[in-house]
Amino acid sequence: MDKTQKQLYKTYYRKRNLAAREDEDSYGYKDYEIDFGAKNKLINPDNFNHPMSRAPYYNAIWGTDYKEVNKFGAFGDDAVIVSNKNHIPLFVNRKGELDVTGIDIDKIDDVISRAAYYNVIWGTDHKNVYKFGEYGGDVTWVIDKNNNMFFLNKHGKLDVTGIDPNKLKPYMDDSYMNTKALIAKQNG
Amino acid sequence: MENNNELKRLLYLSEYKISNKDKKLLKEEIDVLVESRQTEQQALIILNDNNVNEPEALINDFKTVDTSKNQILLPLMAQTYIDHRNVNDIKSLFPAISELVKSGKIPVPQKTANGYQIKDKTFSDYLSLTEYIHGLESISKGHRDLTGEIKDMTDIATDEPPIFPREGHPEDENANIEIYDGNDIGKCINYTSGGITGQKYSFCIGQPGQSYWQGYRDTKLSTFYYIHDKNRDENDPLLLVVFDRTEHGTELTDKSNTTGNIAEFGNDADAYEAYLQSKGVPTKEILVNKEKSPEEIEDQKKLGSQNTDLDWFKNLSYKEQSKYIGRGHLLGDEQFEYLWQFKSDKGGLNLLSQYVDTGQAIPEAQFNILTGE
């Protein structure tokens with residue numbers, strides 16, 4: 001590739017970046033533009049406001065198939081929450097690898113970010129992971145990709161130890177009973 | 001080469017004794033004489049080897065059109081004649097090659113087993129070489145002519161100075177307002193996509209690949225001006241206003257892009273104009289409605305619709321090609337490939353730059369050529 005060619009495609013991206021429209025999917029970029037622009041650092045991913053618009057950019061670099069990629073920064077410079085094709089949240093690093101290095105789980109307040117963290121640790125597909133200890137004991141209430149709900153301990157195992165049934169919300173009663181049944185089944 | 005140098009030395013010494021010529025001039029003349037003689041000899045050998053009748057006469061004929069230094073094209077002309085035995089064709093092509101070689105736009109073409117070679121381009125036959133040379137000549141000459149006419153086509157779209165403040169009117173500077181002439185779709189695309197304020201706008205007349213600009217021009221004789229009010233901060237919707245002096249009156253659009261209703265002044269275009277006047281802008285003098293020129297009418301007929309035919313495009317003048325691209329039309333793949341082969345020439349590069357500078361997505365096949373993918 002000669003200097004002229006580089007000059008031309010840089011001009012192309014400069015103007016495409018200016019013409020990109022926020023009201024279009026992927027800001028009006030074609031797939032092939034995103035692919036080349038991402039690999040050659042000709043598009044700034046921070047210009048994309050929506051995680052779904054940002055995903056094609058990172059997929060081109062990482063060779064992944066994420067549906068959404070949030071902005072880096074909320075959890076440090078090297079961690080971001082993505083969601084996969086099943087809309088399962090996960091933490092990845094700048095290389096797109098599953099990674100929770102540097103994430104302080106105690107500082108995470110929302111159920112999706114917590115699910116992203118534990119999905120990496122446990123290798124699971126949970127949509128939501130609630131706060132540990134809210135219902136007595138050291139367990140959490142989770143909702144998985146099939147909308148099954150149950151209680152897990154910090155090892156990601158089914159557990160109802162220490163749960164105070166009085167602290168459960170009415171809609172958690174079934175989860176409590178299901179978890180107990182599953183544990184009994186596991187124990188034979 | 002060594003023999004040549006020896007011959008040159010002998011000629012120089014013998015001439016030097018009897019000539020009053022400047023040493024440098026004498027040396028140049030001997031160089032030309034010897035080198036030309038050498039290329040002539042090579043050409044003669046080629047013609048003789050191929051049993052061409054009256055080769056000397058043919059070479060003398062070729063010499064009339066080879067204006068390159070030392071007539072370095074003679075051997076190639078002889079080789080070309082072996083392939084394509086039409087003296088008139090060759091005599092019509094090689095002046096262009098001579099000029100392109102002399103101006104450094106191409107090296108001396110080479111004849112190879114695969115055809116003709118110019119740098120990394122191979123032309124399998126005489127016809128494809130001819131098409132390339134004539135295309136390059138046309139683009140190169142077109143660009144040269146146009147640069148004389150309007151400096152540079154890229155500058156039309158990107159670098160034209162504002163029409164206000166006016167030259168020779170230092171008092172205009174006090175207004176702290178710049179007005180840009182939007183009398184060209186290319187300019188409007190540039191201004192709309194950040195060329196003036198660095199911010200991008202959604203004004204439809206400046207969207208690439210759209211025909212709004214021309215449509216408004218055709219239906220109400222729109223005459224667009226971009227008003228950059230530097231008295232306003234960057235979040236003010238009136239920082240950049242599109243002022244359209246149509247044949248029926250004035251229409252204003254600010255950043256919110258609701259034509260006819262701008263911040264502070266609503267639909268009162270007169271009040272906005274009075275505001276400009278209060279700042280010192282002679283609006284009646286500067287923001288005028290412009291009649292359609294005969295050239296504009298002709299251009300619209302010829303260049304108003306997309307036409308992806310290669311021959312049609314090749315037959316446009318350089319200026320028309322530039323105007324066609326400037327209207328935001330996507331080129332056909334063949335048209336793009338045609339221009340791409342001239343990207344090393346200033347004229348070709350200029351058209352390609354104009355094309356990739358419109359802000360619209362080009363088709364994947366062209367994109368792959370652009371990025372070398």
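Chain A is the first sequence line, chain B the second, and so forth, proteins listed ahead of strands; every chain is numbered from 1.
By the 6.0 Å contact criterion, CD1 on Ile112(A) is open, its count of non-hydrogen atoms from other residues, nucleotides or ligands being 12 or less. Counting heavy-atom neighbours within 6.0 Å of Gln186(A) CD, excluding the residue itself, gives a total above 12. Applying the 6.0 Å contact sphere to NZ of Lys180(A) captures no more than 12 heavy atoms from other residues, nucleotides or ligands. Atom NZ of Lys102(B) has more than 12 heavy atoms from other residues, nucleotides or ligands within 6.0 Å.
Listed options Thr192(B), Asn368(B), Leu370(B) were ranked by heavy-atom pairs under 4.5 angstrom with chain A; first place goes to Leu370(B). Of the residues considered (Asp31(A), Asp2(A), Thr4(A), Leu8(A)), Leu8(A) shows the highest number of contacts with chain B, using heavy-atom pairs under 4.5 Å.
The salt bridge (charged side-chain N to carboxylate O under 4.0 Å, His left out) contacts involving residues 67-88 of chain A comprise Asp77(A)-Arg94(A), where partners must be two or more places apart or lie in separate chains.
Interface residue Ile362(B): backbone and side-chain heavy atoms are both found under 4.5 Å from chain A.
Nearest heavy atom pair, residue Phe36(A) against residue Phe367(B), reads CB-CZ, 3.6 Å. In this structure, Leu349(B) and Gln7(A) approach most closely via the heavy-atom pair CD2-NE2, 4.2 Å. Of all non-hydrogen atoms in Gln5(A) and Gly372(B), the two that sit nearest each other are NE2-N, 3.1 Å.
By the 4.5 Å heavy-atom criterion applied to side chains, Thr371(B) and Asn40(A) are not counted as neighbours.
Listed by chain and number, the residues in a side-chain contact (heavy atoms from CB on, under 4.5 Å) with Ala361(B) are Tyr12(A), Arg16(A), Lys30(A), Glu33(A) (sequence neighbours excluded).
Here the NZ atom belonging to Lys3(A) is positioned 12.0 Å from the OG atom belonging to Ser344(B), to the nearest 0.5 angstrom.
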